[in-house]
Student: 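For reference, the structure I am asking about is given below.
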Amino acid sequence: MNNNAFAFMNDEDWLNQGKSDAWAGKPKQTPEHDPQAASMYDLGYCEGAIKRSPIKDTKKKKINKQ
C-alpha cells in the first residue's frame, strides 16, 4: 500500500480503515511504511471482522405475524 493520501492518517484513522475494509469484505491491505499504523489497521480489521457494520442492511427482514 503506497499512497500519499495515507501519509497523514493517525492511529484512529488506521483503525477505522481496517474496520471499513473488513466490513466491505476487502482483503487486508496493511500499511508497510509504519509498524504502528499496521498494528492499528490489523486491530481494526480484526474488530470489523467480528462485528457488524454500523450501516444498516438494506434487506428488509420478514416478520411473521400470527
Side-chain angles (χ1 to χ4, degrees):
M1 183 183 281
N2 188 9
N3 189 332
N4 291 335
F6 295 117
F8 300 105
M9 291 175 63
N10 63 30
D11 288 348
E12 186 175 355
D13 294 333
W14 282 113
L15 183 76
N16 292 333
Q17 183 65 46
K19 287 181 192 179
S20 178
D21 286 354
W23 291 331
K26 294 180 182 179
K28 278 188 180 182
Q29 298 178 353
T30 307
E32 299 172 5
H33 68 282
D34 182 356
Q36 177 69 23
S39 178
M40 296 306 292
Y41 178 90
D42 284 341
L43 180 63
Y45 196 93
C46 290
E47 185 176 325
I50 59 173
K51 291 186 178 180
R52 293 183 137 207
S53 171
I55 300 172
K56 293 183 179 182
D57 191 2
T58 57
K59 296 177 186 175
K60 293 187 179 187
K61 294 180 181 179
K62 293 182 180 180
I63 300 174
N64 293 332
K65 294 183 180 180
Q66 295 179 356

Student: Check whether Asp13 reaches the backbone of Asn10 with its side chain - one donor and one acceptor, N or O, closer than 3.5 Å.
Tutor: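 Yes, because the side chain of Asp13 sits within donor-acceptor range (under 3.5 Å) of the backbone of Asn10.
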Student: If you look at every heavy atom in Gly48 and Ala22, which pair is closest and at what distance?
Tutor: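 That would be C-CB, 3.7 Å.
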Student: Which heavy-atom pair separates Gly44 from Lys19 by the least distance, and what is that distance?
Tutor: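 Nearest heavy atoms, Gly44 then Lys19: O-CG, 3.2 Å.
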Student: Measure up the Tyr41 and Trp14 rings against each other and bin them: parallel (under 30°), tilted (30 to 60°), perpendicular (over 60°).
Tutor: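 Rings of Tyr41 and Trp14: perpendicular, as their planes differ by over 60°.
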Student: Could you grab the distance from atom OG of Ser20 to atom CG of Leu15, nearest 0.5 Å is fine?
Tutor: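 Between Ser20 OG and Leu15 CG, I get 11.5 Å after rounding to 0.5 Å.
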Student: Are a donor atom and an acceptor atom from the side chains of Gln17 and Asp21 found within less than 3.5 Å of each other?
Tutor: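 Yes, side-chain donor-acceptor contact under 3.5 Å.
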